[in-house]
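This report refers to the structure that appears directly beneath it.
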There are 2 protein chains.
Amino acid sequence: MQAEYDVYEDKCPTRMVLDRLADKWSVLILDRLDNEAVRFNQLRRDIKGVSQKVLSQTLKKLERDGLISRTVFATVPVTVEYALTPLGKTLTDCVSELAHWAERNMDEVLAAQKSYDKTLD
Amino acid sequence: MQAEYDVYEDKCPTRMVLDRLADKWSVLILDRLDNEAVRFNQLRRDIKGVSQKVLSQTLKKLERDGLISRTVFATVPVTVEYALTPLGKTLTDCVSELAHWAERNMDEVLAAQKSYDKTLD
DNA sequence: GATGCTTAGTTTCCAAAAGAAACTAGGTAA
DNA sequence: TTACCTAGTTTCTTTTGGAAACTAAGCATC
């Protein structure tokens, strides 16, 4: 860790990067791109519930940050493939862990919620 | 991973948990609570830029999900300590990795942004 | 005994973002 | 010519986020 950057500091540029990464859609996109390039509409179909606007915006930001690449193919109709860059691949383990943590611990979270809500009566 | 839960599904309860975890403030709070309990105002001072409202809301949600505990001490004035639960501790490695990834890769991200912005001229 | 400080929040208000749905545009197939 | 594919953008409404003020109890200072 370099001393010049501190994510706990309000004005540190790392805060903006964390804000991008610590986002539901970013995590799902990066996780989906693990091991294969995926087209826009395929991402839209796989990541259920994402709107075209938000998907488009999120992909653009991830591309700008150098985490994913965007490749246009001159097919008919034109197709666009998104893939992880080498930089993006350094996030794979962490993002996958975060994305799927809930699947492994959902029952415990649901029990905690139930217990918490009971104390509010 | 249990077959009954799939974070890619819109209506799956895991999606709500991911939405909670994949949040800038949640990540910073969980990271800050690694290895020690911290009081409300201390969190507020350490995590620079967080508003009292958002800190309070986020802590409440993390507590409801069973990731952190809230302990009130009858000091004068009353103090409240937040700490990771055993469930919350299972996220430590992953959350720390995500929180500090930017500090290690900021230069590369900044270079990518600069390069991306140049192509827009 | 009024002012100011601490604790841990809540409330209010406005701006920014998220989401749903419609629209664009170019080309193919029925 | 109607419909569907691609990959988006635009518009509008609702929800959320953030800044600042306020609450409330208790102690120290002047």
Side-chain angles (χ1 to χ4, degrees), chain A residues 8-12 15-29 32-33 37-65 68-83 116 119-120, chain B residues 8-12 15-29 32-33 37-65 68-83 116 119-120:
Chain A
Y8 282 92
E9 288 297 323
D10 197 9
K11 304 282 170 55
C12 186
R15 192 55 86 69
M16 290 188 299
V17 176
L18 177 60
D19 201 25
R20 193 125 311 151
L21 293 178
D23 168 80
K24 181 175 52 178
W25 302 125
S26 293
V27 166
L28 287 171
I29 289 168
R32 182 63 189 81
L33 293 182
V38 184
R39 286 186 295 99
F40 183 86
N41 273 345
Q42 191 62 47
L43 282 170
R44 196 185 139 205
R45 278 187 293 263
D46 291 348
I47 301 172
K48 301 202 175 62
V50 69
S51 74
Q52 288 179 294
K53 188 187 78 170
V54 171
L55 179 57
S56 169
Q57 283 176 346
T58 307
L59 288 169
K60 221 174 266 183
K61 288 173 185 173
L62 291 172
E63 188 197 356
R64 179 167 183 267
D65 289 346
I68 64 174
S69 63
R70 178 179 181 275
T71 312
V72 180
F73 292 91
T75 52
V76 169
V78 139
T79 52
V80 178
E81 250 183 28
Y82 292 93
Y116 180 91
T119 67
L120 299 183
Chain B
Y8 282 92
E9 288 297 324
D10 198 9
K11 304 280 169 57
C12 185
R15 191 55 86 71
M16 290 188 298
V17 176
L18 177 60
D19 201 23
R20 193 126 310 152
L21 293 178
D23 169 78
K24 179 175 50 175
W25 302 124
S26 294
V27 167
L28 287 171
I29 290 168
R32 183 64 190 80
L33 293 182
V38 184
R39 286 185 296 99
F40 183 86
N41 273 344
Q42 191 62 48
L43 282 170
R44 196 185 139 206
R45 278 188 293 265
D46 291 348
I47 301 172
K48 301 204 174 65
V50 68
S51 74
Q52 288 179 295
K53 188 188 79 171
V54 171
L55 179 57
S56 170
Q57 284 175 346
T58 307
L59 288 169
K60 221 173 267 182
K61 288 173 186 171
L62 291 173
E63 188 196 355
R64 179 168 184 266
D65 289 348
I68 64 174
S69 63
R70 178 179 180 276
T71 312
V72 180
F73 293 91
T75 53
V76 170
V78 140
T79 53
V80 179
E81 251 184 28
Y82 292 92
Y116 179 91
T119 66
L120 299 182

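Here is the naming used below: chain letters follow the sequence lines, and residue numbers restart at 1 for every chain. All values below were derived from every heavy atom in this structure, side-chain atoms included, with hydrogens, water molecules and symmetry-related copies excluded. For clarity, every value in this text was computed on a predicted model and none was experimentally measured.
Across the protein-nucleic acid pair, B:K60 atom NZ and C:dG9 atom P stand 8 Å apart, rounded to whole Å. Taking atom CE of A:M16 as the reference point, atom C1' of D:dG17 lies 18 Å away to the nearest angstrom. For B:E81 and C:dG9, the CD to C1' distance is 17 Å, given to the nearest whole Å. Rounding to whole angstrom units, CG of residue B:L43 and P of C:dG9 are separated by 10 Å. Spacing between atom CG of A:L59 and atom C1' of D:dG8 amounts to 11 Å, rounded to whole angstrom units. Atom-to-atom, CG of B:L55 to C1' of D:dT16 comes out at 17 Å; the value is rounded to the nearest Å. Atom CG of A:D19 is separated from atom P of C:dA16 by 15 Å (rounded to the nearest Å). Remark: C1' of D:dG17 and CZ of A:R15 are 14 Å apart, rounded to the nearest angstrom.
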Each nucleotide of nucleotides 17-30 of chain C classed B (base within 4.0 Å of a protein heavy atom), S (only sugar-phosphate) or -, in 5' to 3' order, makes -BBB-B---BSS--
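Residue A:F73 is classed as having no contact, given no heavy-atom separation below 4.0 Å to the nucleic acid. Nucleic acid contact for B:R39: sugar-phosphate only, since backbone atoms but no base atoms lie under 4.0 Å from a heavy atom of the residue.
Rounding to the nearest 0.5 Å places CD1 of B:I29 at 11.5 Å from NZ of B:K24.
Looking only at side-chain heavy atoms (C-beta outward), A:L21 and A:S26 stay at 4.5 Å or farther from each other. In this structure, the side chains of A:Y8 and B:R32 come closer than 4.5 Å at one or more pairs of heavy atoms. Residues A:L28 and A:D46 fail the side-chain proximity criterion, which asks for heavy atoms closer than 4.5 Å. A 4.5 Å side-chain heavy-atom check between A:F40 and A:L59 finds at least one atom pair inside the cut-off.
Between B:E9 and A:K48, the shortest heavy-atom distance links the atoms OE2-NZ, 3.1 Å.
The side-chain contact (heavy atoms from CB on, under 4.5 Å) search around A:R64 returns B:Q113, B:Y116, B:D117, not counting sequence neighbours.
Comparing D:dG8, D:dA7, C:dA8 by their nearest atom to the side chain of B:R70 picks out C:dA8.
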